[in-house]
Amino acid sequence: MHKLLLSMVVLCLASLNVFADDSAYNALMNSMKAINGVGLDRIEQDEMQAACSNPQSMIADPEESERLRQSAMAAVKKPSDGVYLGDWKRGKEIAANGKGLQYSDDQNDPNGGNCYACHQLDPDEVAYGTLGPSLTNYGMRGQSQAVLDYTWSKLWNATAWVPCSHMPRFGHNGVLTEQQLKDIMALLLDPESPVNKH
Amino acid sequence: MKKLIATILVGSVLSVGVIADDWDDDNPAIFFSEDGADMWLEPQGPNEVSLEECDLGLGAGVVEGAYAQLPRYFEDTGKVMDLEARLVHCMVTLQGRDADEITAHPYSLSGETGTEIEALSTWIAEQSLDMPIQPPQDHDAEKAAYTLGEKLFYYRAGTHDFGCSTCHRQSNTRIRLQELANLTTADGAGAAYGSYPAYRVTQGVVRSMGWRMRDCARQQRLPEMQLGSEASVALQVYMAVNADGAPMTAPTMKR
Amino acid sequence: MKSSSIQTRFGRRWFLGAGATLLAVAALPMRVLAAAMRPDSTFTATAVDAVINDLGGNAVDSDMIELEVPPISDNAANVPVVVNSKLPNTTKIAILVEKNPNPLSAIFYIPEGTIAFAETKLKVAQTGLVYAIVEADGKLYKKSMETKVTLGGCGG
Amino acid sequence: MAGRMRIRAKMSEEGVVDVKALMRHPMETGQRKDAEGNPIPAHFITEVVAMLGDRELVRAHWGASISQNPTLAFRFTGANEGDQIDFSYVDNKGEKGSGTVKIKAG
């Protein structure tokens, strides 16, 4: 009982985190100007962002962490037509494209996934980042429903698997469309994709 | 008229390159630095005075070493200011110029070859070359700026959930082919903070640390970070204090 | 006098630079003006073969040409290129970039007493070959190297 | 903005003079756009000449694909410490730039 009470208090404090100290939010609101479709609303944090912004970059309480992970998983939208794989050639373009949703970008252009910023994919592309693991030969996992579901949900919202993951929530935040996500799926899983040809 | 002739003489000597045989690298920042040195001395604004009486923190007119001890708290404004905010302050108070006019277009846009803020920053930073980065942490406002800077560093927001920490709290990682500085360490923060202003070969101009803050925010999918703003200055304090006495290397040349 | 525009100030500097230049140019001997004219149409040619043709045609591969080009260019606006010709009596060094809209970047004319060496920096539009074409004893020689153009930085 | 140069010239013990010049020039290709989306007109150096007295050391013809704020390096023999090298360049708009340097022992 004692333990439960305590964890409830901690939970409350954690969820109130953003209100308890809004100095960073206030400073950004005072320091930024809306421009070319990028408004000050971008500064507002959702629950996940607020929970993942303390200087350890992780929430302290494992229970809160698990709650957020589960709620992220529950909100994953599977492909409406049940088809998970698109065209790896289009996926290749999306993976290489680093633009989208910056105020310097043309809002009429499609957003990129910028996968190469952090991951190795096609080994012929030498300019890859190392913030995330290499995904070369990702397709070795096959195309079972479990692999399709895992990969899709990871792309949709990586925090459904790893609390406070640094990977953008491409589906959850609408960075990529359903079709674009399918194309990235194909880039990762299609045996003909250059990611899997080596 | 006499003044004008003197300016022309000084200008032409600098531009012909008679003194131009003493440089060691390919860094075009030298041109920006020369411009900055001229601009510091050039009478401007309704008051027709130069910036020579501007106090960058070490006393009126002291430029040598000033950059390495910024950002810092200034009594006259009651604020912690970075170099760019301080320059704007001096342009307004000494020269009588309009702050909005200066801050409306502080950094070169595509096809432009330099702005006043870029040139002045280059020259002023160069006057701190090899000096330890040591912004004061004495005043409460300076300590508060560091604390705020740390919170901002970890603040995640926007469509991509990015914070500064997304890329800059680990060592030995790259984005594409670029090495990322770990800004939580003295080595990483020192190397990164001390290297700006930097001539960016991809852009053909020198970029200041204020621009760097603006551009990081852009890439984080956030709105436009304003020159000398509370958040921009606090993030610079966070980096400069973390640098912990590492030497200034600016102006450098970067991708 | 109010002069808040930076462009004006850079303009002033340019003006002064140009003024000083007039003196320098006036002092140069006539020989300069009589030298090789820039082959403008070769600079606007759109294919490597056309450029080589214009330069004299039929360039032979030569290992006597040292060509330094970075194999990976993550800054395609600033690719350093060094050419060092060991061919006796080298009089001309041209640098071409295969995939640029206009492949010819530069021609260096090497008089006697000057070493057949040239170094500059180039914009390279996309992955492809960089050529050094050398004229020595009236004949053309070539050497090429690939540079892979990659994206850098945060991507946008 | 155009017109300025930085030059260094260092002579080795063997008498080879190593010359490097840095020029301030936008080297616009004519294919870029400004912040408003308007094309930026081509503006690039077309010729660079270095002279030692009346001796031509090197002449270069350039296209727009030479980098912004360009560099040119070359080497020659047959000069003395203290000799002066005169650089000049002209661009496609007819604007000129120049610089001089005295050879130093390196």
Side-chain angles (χ1 to χ4, degrees), chain C residues 7 9-11 13-25 27-32 35-40 42-44 75 77-80 82 84 93-97 100-125, chain D residues 1-5 16-27 29-32 44-79 86-90 92 94-100:
Chain C
Q7 295 299 340
R9 253 188 312 280
F10 279 114
R13 181 71 97 134
W14 169 79
F15 172 75
L16 293 168
T21 303
L22 287 179
L23 297 173
V25 170
L28 289 177
M30 286 308 289
R31 196 184 137 194
V32 176
M37 291 289 289
R38 183 176 183 275
D40 291 345
T42 312
F43 274 96
T44 51
N75 172 23
N78 211 51
V79 178
V82 182
N84 197 359
I93 295 172
I95 300 173
L96 282 64
V97 183
N100 278 359
N102 304 118
L104 181 58
S105 274
I107 306 174
F108 300 90
Y109 303 86
I110 315 290
E112 221 177 301
T114 296
I115 294 165
F117 167 95
E119 181 182 344
T120 187
K121 290 174 182 171
L122 308 177
K123 298 164 197 150
V124 178
Chain D
M1 63 185 169
R4 291 157 63 196
M5 297 187 74
V16 176
V17 185
D18 200 330
V19 186
K20 197 158 201 176
L22 174 66
M23 290 150 247
R24 178 160 210 182
H25 203 284
M27 297 301 287
T29 58
Q31 288 157 7
R32 294 205 308 158
F44 56 94
I45 293 172
T46 52
E47 182 172 76
V48 187
V49 183
M51 304 288 297
L52 183 81
D54 63 357
R55 172 183 164 194
E56 186 173 304
L57 297 173
V58 76
R59 171 180 300 267
H61 288 149
W62 282 355
S65 58
I66 300 291
S67 300
Q68 189 167 11
N69 293 317
T71 55
L72 164 63
F74 69 96
R75 295 168 183 167
F76 72 100
T77 54
D86 297 300
F87 263 88
S88 62
Y89 69 72
V90 62
N92 66 323
E95 292 167 0
K96 288 167 179 167
S98 68
T100 69

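Sequence lines set the chain letters: A, B, ... in the order given, protein chains first and strands last, and positions in each chain run from 1. This one's a predicted model, so the numbers in the text were calculated from it and none came from an experiment.
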Under 4.5 Å heavy-atom distance to chain C, tell me which part of Q31(D) shows up: side chain, backbone, both or neither.
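Just its side chain gets close to chain C.
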
Contact origin within V16(D) toward chain C - heavy atom pairs under 4.5 Å
side chain

Pick one of side chain, backbone, both or neither for [X], based on which atoms fall under 4.5 Å of a heavy atom in chain D.
X	value
N100(C)	side chain
F108(C)	both
P103(C)	neither
L104(C)	backbone

Enter the distance from [X]:[atom1] to [Y]:[atom2] here, rounded to the nearest 0.5 Å.
X	Y	atom1	atom2	answer
E56(D)	I110(C)	CD	CD1	10.0 Å
F43(C)	N92(D)	CZ	CG	12.0 Å
R59(D)	R38(C)	CZ	CZ	13.0 Å
D40(C)	T46(D)	CG	OG1	8.0 Å

Test your reading of the model: is there a side-chain donor-acceptor pair from [X] to the backbone of [Y], 3.5 Å cut-off?
X	Y	answer
S67(D)	A77(C)	yes
T120(C)	T71(D)	yes
T114(C)	F76(D)	no
K123(C)	A64(D)	yes

Set of ring-ring contact (aromatic ring centres under 6.0 Å, His included) partners for Y109(C), sequence neighbours left out:
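With sequence neighbours excluded, Y109(C) shows a ring-ring contact (aromatic ring centres under 6.0 Å, His included) to H61(D), given in chain and number order.
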
All salt bridge (Lys or Arg N to Asp or Glu O under 4.0 Å) counterparts of K121(C), not counting sequence neighbours:
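Per chain and number, K121(C) pairs via salt bridge (Lys or Arg N to Asp or Glu O under 4.0 Å) with D26(B).
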
Just wondering, do I66(D) and S105(C) contact through their side chains at under 4.5 Å, heavy atoms?
yes

Any W62(D) side-chain heavy atom under 4.5 Å of I107(C) side chain
no

Might you point out which heavy atoms bring R55(D) and E112(C) nearest each other, and give the distance in Å?
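Reported closest heavy-atom pair: NH2-O, 4.0 Å.
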
